[in-house]
Amino acid sequence: MNAQPPRSDPFGPPPPDAPDALWLNYRPLCEDYRQETLQPLARLIPPDQRSAVIDSALKEWAYAMSRFGIAEPQQMAETSSGLRMSVDPTLPSEGYAWALSPKGGLLRGGSDTGLLYGIFNLLRHIQLEQPLAAPRHSSPAYPDRMINHWDNLDASFAKTGELVERGYAGGSVFQWNQPDAPGPRAAVLARLYASIGINHCVINNVNADPRYLSDAMLDQIATLATIFRAWGIRLWLSVNFNAPMLLDGLSTADPLAEDVRNWWRRCASRIYERVPDFGGFLVKANSEGEPGPHDYGRDHHDGANMLTEALREHGGRVIWRTFVYGSTGGRKGGNFTHFHSLDGAFADGSLLQVKHGPIDFQPNEPPHPLLGAMPATAKILELQIAQEYTGQRVFTFYWPPLWRTILDAPAGAERIADKLAGMAAIPGVGDQQGFFPHPLAAANLYAYGYLAWDPDTDARACAHEWAARTLGPDAAEPVADLLMRSYDAYVKLTGSLGLVMMMGYDHFRPDPVHRARIHGIDSTAIGRDRTATSGNGEVEHWPEPLHSSFRDPATCPERWLLFFHRLPLDYLLRDGQPIFDALLADIDAGYRQTLQLEADWQKLRPCIPPALFEAMQEKFAQQSKEAMIWRDTLTREFCARAGKPEPEPILSSGAEKNRQGPVPPPQ
């Protein structure tokens, strides 16, 4: 069945300050800039060969010009002035370059998609009213810049019974359970992704429902692929390893069984008949109850290579997640142990996707050891924009300070950033206005896109730019400052010095009772011993120079000290403070910093749209209440276990309740 044309229009009719506009909030520019810089560029001269991607670029330009205040921008076939677009095969395929003059200029792209990225980047500079005279060029550091949706068809294959896994992101933007699926906002979302350089999108949850591979669903996916293709984005699917059994009744899903291999070949053919530019499969296997090759006595490379073989003739690939734990071992041990010995065993076209840290998207954990290992295996870094462990709908939290730390970490003679084949992120978008459950969370998606394009992108500069484009220039500096401080406040409040996973099973509120094995606090010591001499030896998994740094408390970065070492409560940090006292001081500082964020937001009323200001005012008030629960619960429990007096009265009504177990987060 052929794909139907798109049924949604990202260009209208909502005004530019509508919630879905986010950073593509094109506002009128000042008169001088509009006349002197922009007017000569209003006429856009397309290349001779047109495509859906070029049409998207032309529409974006015309739409932006009208919002900037340029009357009736024109697309001229030939003219003596204007901005001329040209495909230049000497440029990298997705790269672009521009050189402008008082009469217009030339925008070159290595492909149609390169031209689209060039248009978006030029509009970005115009939005910020930056000078355009100097020639510019850019190309992405990584060929794969991916978004991994965690959307479900319904609750049957969702671990948490929600349409978007974990529940706090709302329903799926794609609205697969509605008659007009995919939903009308799909094109709006594709446009936003393209504007920050995203070129691949996995549309469903890694806890994969096999029904995505049914003919009826593939027909709907073909429609979605047409929408995303117009923005230079290829679609991928997460697949259930047992799909041959679940869909067609095969007796096994053994990756070495010929009938299973043939089933996947036929499956690939059915997909490519409908979606000829289909990207490939993302797989979560033998983790958290998901099926995989271990169920049949095989290893991960056997499963990955079998799927890669099925896709290879069509140009597709397989991304295999290394987040493996459950019946196969703990998070840290399972991740590394199952994969490091398989270096070189994965076929061309297979990539490993590795979380930023060895535990599970914690706001302060060291780089995953696999990121610096397995030199013969292509790896993609997996990040989480969604705030699963970072305050969900309530807390303001800005991820990029940690992301830059991970990317800049040394691995041998290079940085981790220099060893990657790509990046992927779980976005946490849903069907609410503005896509995100938290009004400032889109700043993380924005920064992710630019870091995936250039891993040297500055975290603060991204926050400043996002605020300027989304909220206006007056908001840029104070909002950027607030976002940057939000990271440090949350880490101090919820687990500094290398403590991780202090959240309860709701992944929201503190639960130090059930997490006692992690923090290890008793009357003598604190922390987790991962050394080879007295602990579980996991520090040996990290490559040099990280290994030499992490194995000794004297050289280990203090931000990760208790992740690797169990130390006496009176162990002195480099500033001379006992470690237990420093931990309690950090928790209190995080609470006070959170209160300061709320106070500082009150000062921004004049430069924030009223509806957003009021929504965030409520968020910050709720965040301060939750921060008190965090401070009081951790302080009371840690002091009780250490046999220490509480440093100040603990007044929160939530602390005692939380000592008995987690409390559901507010919705």
Side-chain angles (χ1 to χ4, degrees), residues 1-11 20 22 24 50-60 63 93-94 111-117 119-120 140 143-151 153 164 172-176 178 180-205 212-213 217-239 271-282 311 314-317 319 385 422-427 429-431 435 445 448-449 452-453:
M1 180 176 179
N2 293 328
Q4 298 300 310
R7 292 164 287 168
S8 51
D9 182 2
F11 297 108
D20 284 0
L22 298 181
L24 299 181
R50 297 281 286 270
S51 67
V53 172
I54 293 296
D55 287 344
S56 294
L58 298 175
K59 289 178 183 178
E60 188 70 32
Y63 178 77
S93 174
E94 295 181 306
S111 64
D112 291 0
T113 303
L115 283 173
L116 177 68
Y117 295 150
I119 285 289
F120 272 124
D144 297 317
R145 304 173 305 283
M146 180 173 284
I147 287 291
N148 291 179
H149 278 261
W150 278 2
D151 296 24
L153 289 179
V164 178
S172 172
V173 173
F174 305 131
Q175 298 181 337
W176 295 119
Q178 299 298 319
D180 62 344
R185 297 167 74 208
V188 182
L189 187 61
R191 171 176 169 248
L192 286 166
Y193 287 163
S195 74
I196 53 173
I198 303 301
N199 62 352
H200 297 282
C201 182
V202 183
I203 64 171
N204 63 314
N205 192 4
Y212 277 96
L213 299 177
M217 273 304 302
L218 290 178
D219 290 339
Q220 288 185 313
I221 290 167
T223 299
L224 185 65
T226 302
I227 295 170
F228 273 66
R229 186 179 300 116
W231 296 99
I233 300 172
R234 298 177 69 176
L235 293 192
W236 293 57
L237 283 173
S238 294
V239 293
I271 295 172
Y272 282 94
E273 286 172 3
R274 295 164 171 83
V275 186
D277 59 347
F278 180 69
F281 295 147
L282 175 66
L311 296 172
H314 305 283
R317 293 175 295 157
I319 296 177
I385 296 165
M423 292 170 65
I426 294 90
V429 301
D431 62 356
F435 294 107
L445 174 61
Y448 164 70
W453 185 277

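All of these numbers come straight from a predicted model, not from anything done at the bench. Just so you know, these numbers use all the heavy atoms, side chains as well, and skip hydrogens, waters and symmetry mates.
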Please report the interatomic distance [atom1]([X]) to [atom2]([Y]), rounded to the nearest 0.5 Å.
| X | Y | atom1 | atom2 | value |
| --- | --- | --- | --- | --- |
| I198 | M146 | CD1 | CE | 9.5 Å |
| Q220 | I203 | CD | CD1 | 9.5 Å |
| L237 | N204 | CG | CG | 5.0 Å |
| I271 | L213 | CD1 | CG | 5.5 Å |
| S195 | L445 | OG | CG | 8.0 Å |
| I233 | D277 | CD1 | CG | 11.0 Å |

Where do [X] and [Y] come nearest, in terms of heavy atoms and distance?
| X | Y | answer |
| --- | --- | --- |
| P427 | I385 | O-CG2, 3.5 Å |
| L192 | D20 | CD1-O, 3.7 Å |
| T113 | G232 | OG1-CA, 4.0 Å |
| L189 | H149 | CD2-CE1, 3.8 Å |
| Y117 | E94 | CD1-O, 3.5 Å |
| I227 | A186 | CG2-C, 4.2 Å |

Give a yes or no answer on whether the side chain of [X] reaches the backbone of [Y] with a donor-acceptor pair at less than 3.5 Å.
| X | Y | result |
| --- | --- | --- |
| Y448 | M423 | yes |
| S111 | S93 | yes |
| R145 | N199 | no |

For E60 and R191, what are the C-alpha separation, side-chain angles and deciding distance, and is it a side chain to side chain contact (heavy atoms under 4.5 Å, CB included)?
-> CA-CA 9 Å; E60 188 70 32; R191 171 176 169 248; 2.7 Å; yes
On the 0 to 90° scale, with breaks at 30° and 60°, tag the [X]-[Y] ring pair as parallel, tilted or perpendicular.
| X | Y | answer |
| --- | --- | --- |
| W231 | F120 | tilted |
| H314 | Y272 | parallel |
| F174 | W176 | tilted |

Given side chains that start at C-beta, do those of [X] and [Y] come closer than 4.5 Å, heavy atoms only?
| X | Y | value |
| --- | --- | --- |
| D144 | R317 | yes |
| Q175 | D180 | yes |
| P184 | Q178 | no |
| W453 | I196 | no |

Any chance you could lay out the side chain to side chain contact (heavy atoms under 4.5 Å, CB included) test for Y212 and L153, step after step, and finish with the verdict?
-> CA-CA 8 Å; Y212 277 96; L153 289 179; 3.6 Å; yes
Intermediate values then yes/no, side chain to side chain contact (heavy atoms under 4.5 Å, CB included), L58 and D55 | CA-CA 5 Å; L58 298 175; D55 287 344; 4.2 Å; yes
